[in-house]
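Below is one structure; the comments refer to it alone.
Chain identifiers are assigned alphabetically (A, B, ...) following the order of the sequence lines, protein sequences preceding nucleic acid strands; residue numbering begins at 1 within each chain.
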Protein chains: 2
Amino acid sequence: MDRDQVLRAAAALLSRKSTATMDEVARAAGIGRATLHRHFAGRDALVRALEDLGIREFEGAFDRARLDEGSAVEALRRLVAESERDAQLLAFLVTENQLFEGDQINEGWARLDARVSALFKRGQEEGDFRIDLSPAWLTEALYGLIGTCAWAVMDGRVAAKDFQYMITELLLGGVRRSVEK
Amino acid sequence: MDRDQVLRAAAALLSRKSTATMDEVARAAGIGRATLHRHFAGRDALVRALEDLGIREFEGAFDRARLDEGSAVEALRRLVAESERDAQLLAFLVTENQLFEGDQINEGWARLDARVSALFKRGQEEGDFRIDLSPAWLTEALYGLIGTCAWAVMDGRVAAKDFQYMITELLLGGVRRSVEK
DNA sequence: ATTGAATGAGACATCGACGTCTCATTTGAG
DNA sequence: CTCAAATGAGACGTCGATGTCTCATTCAAT
């Protein structure tokens, strides 16, 4: 069991039950509690490791999505596709705002936010996206939809294979049916 | 300080910091810890009271929104408008899936889910909504967007007055700009 | 003003999670 | 096979949150 695998298992569990015990986390990862403590000094260290992993993974996901290339619509589709792998991790981190208590926002997240926000801004400037929804809100909404869909998949309310489609279609086109599309 | 006001203050705090202490909850509500315990036997009772309040409030919100009247689009707009007041409460309850552990879904939530889902289904059958996004997913997405926007407002990333607009416009029309709208 | 209920502050014991430790067992490299 | 490192299981003390209690004070109704 790799260190990152342990972290992913922890994210999958903690995203649904944020108050899960260290023992539960260990069981979910298929290792003993002692081994979990050998990898991560304590709960704080575990959460911080999850944070670091999340930032690293999404930094890489954003790179692979090539947010600056092609149309903003295509870039957004690639972004969602690349985010699927770490959706549970994102779901956990988004709900753990308590990490940033004392308004000391993590610099890594600020950088990620800026990249997503820039993508939405580019779409607006190029005329592909509407301008009455702020990039900041769209960024939050994207995170929220990814996390929500990850939960829905975990609960069996959405098929895993529909992950990308459900998010991108709702985000891009909305629910309203328009004859011209 | 009314009982419901205490619950709302608790929801506002717990939606951001789900591990908040009973003492913190009491302080947030402006009452003493002993008084909090007089109202709610313990933490479990508090959470269950939040659940009950949420179900009650949204049952009423759905009634006021008259989901069966007019077009599905208008009904959805009314639904978001009526949900604003309890958005923080929803944000907390949505993330507390741990309440339903042991797949014993709360009956009240199942009823609410059915009503929202029926609204989306009606919109699809009347030709207003697209049919390639399942009502179950749209229901989850609606909850997710309301919760996300509530957080964004709390963090100052979205203006409170834009709450309804940001959610309804994104949900109905998506970010893509279409010339025919 | 008086009285009874409600509140806030604090003390206290209990309990569960945490973190550290030991030891037997397993794993993997040589 | 041998040996060293890693792991799982469990024991143990610590610490913080919890829930209950008391008591002085405040509040509201009469």
Nearest whole angstrom, please: distance from the [atom2] of [N] to the [atom1] of [X].
{"X": "A/H37", "N": "C/dA17", "atom1": "NE2", "atom2": "P", "value": "13 Å"}
{"X": "B/L36", "N": "C/dA9", "atom1": "CG", "atom2": "C1'", "value": "15 Å"}
{"X": "A/H39", "N": "C/dG19", "atom1": "NE2", "atom2": "C1'", "value": "16 Å"}
{"X": "B/R27", "N": "C/dG8", "atom1": "CZ", "atom2": "C1'", "value": "9 Å"}
{"X": "A/L46", "N": "C/dA17", "atom1": "CG", "atom2": "C1'", "value": "14 Å"}
{"X": "A/F40", "N": "C/dA17", "atom1": "CZ", "atom2": "P", "value": "21 Å"}

Measuring only between side-chain heavy atoms, which start at C-beta, is [X] closer than 4.5 Å to [Y]?
{"X": "A/F129", "Y": "A/V73", "result": "yes"}
{"X": "B/W151", "Y": "B/V158", "result": "no"}
{"X": "B/D128", "Y": "A/V175", "result": "no"}

So which one's nearest nucleotide on DNA chain C is more toward 5', B/I31 or A/D23? B/I31

Where the side chain of [X] is concerned, which of [options] is the nearest nucleotide?
{"X": "A/M22", "options": "C/dC18, D/dG8, D/dT18", "result": "C/dC18"}
{"X": "A/A34", "options": "C/dG8, C/dC21, C/dT7", "result": "C/dC21"}
{"X": "A/R43", "options": "D/dG19, C/dG19, D/dT7", "result": "C/dG19"}

Under the 3.5 Å rule, do the base of D/dG19 and the side chain of B/R33 count as making a donor-acceptor pair? yes

On a plain distance test, is the side chain of B/R38 in donor-acceptor contact with the base of C/dG8 below 3.5 Å? yes

Are A/S18 and B/S18 close enough that a side-chain donor and a side-chain acceptor fall under 3.5 Å? yes

